[in-house]
Number of protein chains: 2
Amino acid sequence: MPDDDGGAPERRSPRKRADARRNEETLLRAAAAAFVASGVDAPVRDIAAKAGVGVGTIYRHFPTRADLVVAVYRHQVEACVEAGPALLAGNDSPHAALVQWVDHFVDFLVTKHGLAEALRSDDATFQSLHTYFLDRLVPVCADLLDAASAAGEVRSDVEALELMHAVGNLCIGSGRDSRYDARRVVALLLRGLRAGREAA
Amino acid sequence: MPDDDGGAPERRSPRKRADARRNEETLLRAAAAAFVASGVDAPVRDIAAKAGVGVGTIYRHFPTRADLVVAVYRHQVEACVEAGPALLAGNDSPHAALVQWVDHFVDFLVTKHGLAEALRSDDATFQSLHTYFLDRLVPVCADLLDAASAAGEVRSDVEALELMHAVGNLCIGSGRDSRYDARRVVALLLRGLRAGREAA
DNA sequence: TTGATAAGCGGAACAAAGTTCCGTATCGTC
DNA sequence: GACGATACGGAACTTTGTTCCGCTTATCAA
């Protein structure tokens, strides 16, 4: 997780060289652009070329592709994390808060070409991406789910992890086929989550 | 779609050479084994080696990976196609038939390492795999869905194509993480499909 | 049985992408 | 300005997919 510059210069002198910090910035911008243009699988060479650096420089700053992807999307993921408690506080119904939060997450995912796919890939390259998303988002989702469950609004036999996986999966391929809309099927899933007396 | 041998020798003589038919058989077996061992992404070289043929022979018989995958799983997909009408006939409730049919499909998908992923991949290599599955299964699903809808058992605003996409997506990653069970979330989705007077 | 010929085969060769490594250039400091 | 540490660039190597063509072999007619 690259992070070290700007702010208060820490004791000792582990501060990165100026050119390194500059390159990291440049790379982040180039990667973001490449991700929009070609998805999160954009070839390393392309990103390097766009940033005007050698491929070695990418690997030095972001050892795995997941590191780069996380760095690019960190802000938005964190925004999602913060949205959870806010929605819970701003809604009378925890279920409504959950629905809105999930919508927010889906909006984020479907607009990031290839990200949902990467999240579910079993490629080792993306393992830590997967881990990061789950580490940050599952606890938030669990809070929402617990609240809704406590209010008797949703079934209590579904775990946050499972729900997040399901929602992430449903986002795959959204945008490639206009007849498939992730938002619609996610809504269906959440509807199935509603507490119901009716058996299976 | 390789298919031409055995049975009645057709007029003219477009019958394949014996060694070619033999190789096709061998390849199919080798591929099936490789798919089980390493998923449907098993390297072409590995499959060729396992079958004791050159890579050229694979490409001659199965020009794209999708052709090979379809050939390996055709029987099971067709079984799924035939199960549709049978279930509809054998159940009083079309909704129950739909649920059983989807379960059947999910069982098939989750036991084929990497197949669900391949189905959703936007890789051009798998385009025709995607097409084959949809061509065969969507009509069956549509019949079940229509019947259930006509019986007032499910919402009428969901298309078969969308449902199949969703179910396929939900199968991704099942088996990699014991905390995620495709069957469970698919059941949730189908529950959300139930006709309901409750809004939202 | 034996050629002739078309069908089929093998695998070298090429291409695309990821990843590593090290000689060289640059930064920051004394 | 010199020097050590840091960072850079990109050639080289790896893996996997894909193509191509000279060689082999099955088939068939004579």
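Lettering of chains follows the sequences in order, A, B, ..., and the numbering in each one begins at 1. Only a predicted model underlies this, so the values are computations on that prediction, with no experimental measurement involved.
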**Study point:** Contacting residues from residues 42-59 of chain B, given that a heavy atom lies under 4.0 angstrom of DNA chain C
**Key:** B:R45, B:G52, B:V53, B:G54, B:V55, B:G56, B:T57
Exercise for review: First locate atom OH of B:Y73, then atom CG of B:L68, and finally report the distance between them rounded to the nearest 0.5 Å.
Suggested key: 9.5 Å
Review point. Does OP1 or OP2 of D:dC8 have a side-chain N or O of A:R60 closer than 4.0 Å?
Key: yes
Practice item. For the pair A:E25 and A:R29, find out whether any cationic side-chain nitrogen is under 4.0 Å from an anionic carboxylate oxygen. Key: yes
Check your understanding: When you measure from the side chain of B:T125, which nucleotide among D:dT18, C:dG18, D:dC8 comes out closest?
Key -> D:dT18
Review point. Among residues 30-38 of chain B, which contact DNA chain D at a heavy-atom distance under 4.0 Å?
Key: none
Check your understanding: Any salt bridge between A:E159 and B:R179, counting N to O under 4.0 Å?
Key -> no
Point to revise | Lys/Arg N to Asp/Glu carboxylate O, A:D107 vs A:R183, below 4.0 Å | key: yes
Check your understanding: Is any side-chain nitrogen or oxygen of B:N23 closer than 4.0 Å to OP1 or OP2 of C:dG8?
Key -> no
Review point. Do the ring planes of B:H130 and B:H165 sit parallel (below 30°), tilted (30 to 60°) or perpendicular (above 60°)?
Key: parallel
Check your understanding: For A:A20, does its backbone N or O pair with a side-chain atom of A:R60 as donor and acceptor, under 3.5 Å?
Key -> no
Practice item. May I ask you to verify if any side-chain N or O of B:H61 is less than 4.0 angstrom from the OP1 or OP2 atom of C:dC9? Key: yes
